[in-house]
Amino acid sequence: MSDPQTKLDGSSSEEKQDTEAIKIPTTARERDELDDLFDDFVSKKSIFINKDVLSIRHVPKIIPHRGEHIKKLGMILAPALRNDRPSNIFVYGKTGTGKTLCVLHTLNRIVERVKGTDSALRFAYLNCKLKKVADTEYRVIASLAKELGAKVPVTGLPTDEVYNIFLKKLDEQEQVVILVLDEIDRLVKKTGDEILYSLTRINSELKKSKLCLIGISNDVRFIENIDPRVKSSLGEEELIFPPYNALELKDILSERATSAFVEDSIHPAVLPKCAAYAAKEHGDARRALDLLRVAGEVAERAAAEEVKMDHIREAEDKIEKNRILELVKTLPNQSKLLIYSIFLLSKNKTDKLITGEIYQTYAELCKVNDNSILTQRRISDLISELDMLGLINARVISKGRHGRTREIYSTIPTDLTEIISEDLRGELRL
DNA sequence: AGGTATTCACATGAAACTATTCTCTGAGTTAGG
DNA sequence: TAACTCAGAGAATAGTTTCATGTGAATACCTGT
C-alpha cells in the first residue's frame, strides 16, 4: 500500500478485471485523454517515496527532541520488565507535541523487549475522544475489557457487571497491564471522575495482575479540578510536553521528509516555512506535517519536480478551506440554515448584518424548507457558537435609540461561500 | 446648552420542558451439560 | 442452569422554549440661562 509501485500495479490490474467484467473491449476504444493522463501518471516519477510517513498515525523510529521524555517514560515504566507495577503517569501537553507518539513508542519498545521472555506484559490504548467507543463510563470499561479479549455486549448490562468482567479478565493471569487513556480530560468532562477513581483503586482488588495507568491530556487545568484522591494517585509521576519551537519543528519535518520524499525534491526554504506556520499555531507538529504533505500533493499534481514555496502557500489555503468545509458539514441542520441565511443576506448587502434581519431570513428559509423554527433566543446562542467557531464575526453593539444587537459578518472567503451554499442547498432541499 | 429620562432591539440568565440516549432490570430464549 | 438477548422503565443529558431582567447610547424632553 505504501509503496507507490505496488499500488499502481494493483490498481491497473484491477482496472483490467473491471473492464473485462463489464465487457468493454479495450482494443475497440479510441485512445482518449484519460489514457494519456494515466500513462503520464504512471511514467512520471513521483516525488513521494512513502507518503504515509507524513500521516498522523505513523509512528516513526526516531522522535527528535523528545529523547529526555522518552528516557523518563522508560525509567518510570521499566519496573514492568521485572513484573513490578510502574507508577501511574499523567502526561500533559498541547495537541501535536508528541505525547501519544512518545508513550506508544516507549510501550512498543517495552513489549518488544519482553517478547520471548516469560514475563507477561501488555498494554491497552484507548482514545476517549472517540464517540460511540469511549465516551461513557460503560463504554470505556467495555472497550477496555474488549481490548483484553473479553466479550462484552454493546448494551444491556449494568456498569458494575461490565466492571466485574473487566476485572476478571484482568486478573486471569499473572501480568502487568498498562492502560493508556488518551484525551482523558474529555472523558472526565463528560462522565465525571468516578471511572478514574475506580481504575486507580483497582490494584487493591487484583490478586495476580498489576495495573498501571497512563493518562494523556491536552488540558493542564484538568488535573486541578478532579477528586484529590484521583489526582494524587494518577499523578504519581507527571510528564509535561512543551510545544515545539520552529527549529525543533524543522528538525522533525526534515527527519520525516527524508523518508517521505525523493531526494532533492524539496526547496530548501520550504521546511522552515512549514515549521514557522505550525510554530505560530502553538507548535503543533501535526499541522506542520499536514502542510508538508498537502504541499507535496499539490506539487505532484502540478507535475513539479520540487516542492516550492508557491505550493506551500496553495496548501495553506487548501487546508484552511478544508477545515471550514468540514466544520460546516458537521454543523447541526439548524445552524446550517442559519449560516445559509447569513450567506444569502451578505450577498445582497455589503454592510454588516444584525440579528433581527438574519432571524427573519432564517425563519422564511425554515418555512420554505418545512423545518421547525427555533426561537430568537436560541438563534442568538447559535450565532454566538458560529462566532466561536470562527465562521462568522459578531460583536455586540448598541445603536442608541435603535436598540442593542449583534453586528455580524461572515469571515468565510466568498468563493467558498458559493461552494458551501451549493452544498447546503442540495442537502437542505432549498 | 446642558442634563435627565426614555426607548429600542436585542443580549443574557435562569428555570422549565422535551426528546433522545444511557443504564438497569427482569423476563424470555437458547445452548450445553 | 448459566449465558445471552431484548423490551421496557427510569435516569441522565442535550437541545429548546419561556419568562424575566439587563444594556448602552441615540433621541426626546425638560430646565435654567
Side-chain angles (χ1 to χ4, degrees), chain A residues 126 128-146 148-169 172 183 185-199 225-227 327-342 345-346 349 351-367 369-389 391-410 428:
Chain A
L126 198 65
C128 308
K129 181 179 73 175
L130 299 173
K131 276 194 171 175
K132 309 279 175 194
V133 178
D135 60 349
T136 66
E137 187 176 355
Y138 179 92
R139 282 175 176 165
V140 169
I141 306 286
S143 311
L144 289 176
K146 264 183 218 159
L148 295 177
K151 274 193 224 153
V152 186
V154 185
T155 174
L157 291 180
T159 311
D160 52 340
E161 186 77 13
V162 187
Y163 190 76
N164 282 336
I165 295 174
F166 170 64
L167 209 66
K168 224 169 161 186
K169 193 75 196 173
E172 224 168 37
E183 314 230 5
D185 46 329
R186 298 235 191 172
L187 178 67
V188 171
K189 209 178 274 171
K190 276 202 90 165
T191 65
D193 45 20
E194 263 165 65
I195 317 173
L196 291 186
Y197 183 67
S198 15
L199 282 178
N225 35 25
I226 57 174
D227 192 321
L327 210 58
V328 173
K329 264 186 199 155
T330 53
L331 246 34
N333 257 3
Q334 297 286 4
S335 299
K336 280 182 187 166
L337 274 167
L338 185 61
I339 204 156
Y340 184 57
S341 11
I342 294 175
L345 278 171
S346 51
K349 245 182 104 173
D351 52 335
K352 286 159 187 160
L353 309 168
I354 60 166
T355 307
E357 47 182 358
I358 291 175
Y359 184 70
Q360 267 182 14
T361 316
Y362 156 81
E364 276 166 35
L365 268 181
C366 280
K367 258 186 228 160
N369 201 34
D370 214 11
N371 227 317
S372 59
I373 304 173
L374 298 183
T375 50
Q376 186 151 321
R377 175 73 189 81
R378 183 86 252 269
I379 292 301
S380 179
D381 280 346
L382 289 183
I383 288 177
S384 313
E385 277 171 32
L386 291 181
D387 185 27
M388 294 235 286
L389 289 173
L391 294 173
I392 58 173
N393 220 328
R395 67 195 177 103
V396 178
I397 52 148
S398 179
K399 301 212 275 184
R401 201 88 219 267
H402 303 293
R404 235 163 81 93
T405 182
R406 271 203 183 86
E407 252 183 14
I408 298 152
Y409 56 94
S410 150
L428 301 168

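Below, all heavy atoms of this structure are taken into account, side chains as well, without hydrogens, waters or symmetry copies. In what follows, chains are A, B, ... by sequence order, proteins preceding strands, each numbered from 1.
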**Asked** Is there a side-chain contact between A:N393 and A:I408, using heavy atoms and a 4.5 Å cut-off?
**Response** no
**Asked** Given side chains that start at C-beta, do those of A:L331 and A:L389 come closer than 4.5 Å, heavy atoms only?
**Response** yes
Close N/O contacts between protein and nucleotides 2-6 of chain B (under 3.5 Å):
none

**A:I373 versus A:C366, closest heavy-atom pair with distance** = CG1-CB, 3.5 Å
**Request:** Inspect the contact between A:R378 and A:E385 and indicate whether a charged nitrogen and a carboxylate oxygen are less than 4.0 angstrom apart.
**Result:** yes
Could you check how far [atom1] of [X] sits from [atom2] of [N], rounded to whole Å?
X: A:I383; N: B:dT12; atom1: CD1; atom2: P; answer: 11 Å
X: A:Q376; N: C:dT16; atom1: CD; atom2: P; answer: 16 Å
X: A:R395; N: B:dC10; atom1: CZ; atom2: P; answer: 16 Å
X: A:N333; N: C:dA14; atom1: CG; atom2: P; answer: 20 Å
X: A:L353; N: B:dA9; atom1: CG; atom2: P; answer: 17 Å
X: A:I379; N: B:dT12; atom1: CD1; atom2: P; answer: 15 Å
X: A:E407; N: B:dC10; atom1: CD; atom2: P; answer: 13 Å
X: A:K399; N: C:dT27; atom1: NZ; atom2: C1'; answer: 15 Å

**Asked** Which is it for A:E364 and A:S341 under the side chain to side chain contact (heavy atoms under 4.5 Å, CB included) test, yes or no, and what are the steps along the way?
**Response** CA-CA 9 Å; A:E364 276 166 35; A:S341 11; over 6 Å; no
**Message:** Using side chain to side chain contact (heavy atoms under 4.5 Å, CB included), reason through A:R406 and A:S380 one step at a time and then give a plain yes or no.
**Reply:** CA-CA 9 Å; A:R406 271 203 183 86; A:S380 179; 3.3 Å; yes
**Request:** Just call it for A:I373: base, sugar-phosphate, or nothing, with non-hydrogen atoms closer than 4.0 Å on any strand.
**Result:** sugar-phosphate
**Message:** Students often get this wrong, so: under 4.0 angstrom with heavy atoms, is A:I354 touching a base, only sugar-phosphate, or nothing?
**Reply:** sugar-phosphate
When you check the phosphate oxygens OP1 and OP2 of [N], does a side-chain N or O of [X] lie under 4.0 Å from one of them?
X: A:T405; N: B:dC10; answer: no
X: A:R406; N: B:dT12; answer: yes
X: A:T355; N: B:dC10; answer: no
X: A:S384; N: B:dA11; answer: no

**Asked** Is the backbone of A:R377 close enough, under 3.5 Å, to the side chain of A:Y359 for a donor and an acceptor to pair up by distance?
**Response** no
**Request:** Using heavy atoms to find the nearest nucleotide of DNA chain B for A:E357 and A:R377 separately, return the residue whose nucleotide is more 5′.
**Result:** A:E357
**Asked** Which nucleotide, B:dG13, C:dT16, C:dG22, lies nearest any side-chain atom of A:R404?
**Response** C:dG22
**Item:** Options B:dG13, C:dG24, C:dT17, nucleotide nearest the side-chain atoms of A:L374
**Value:** C:dT17
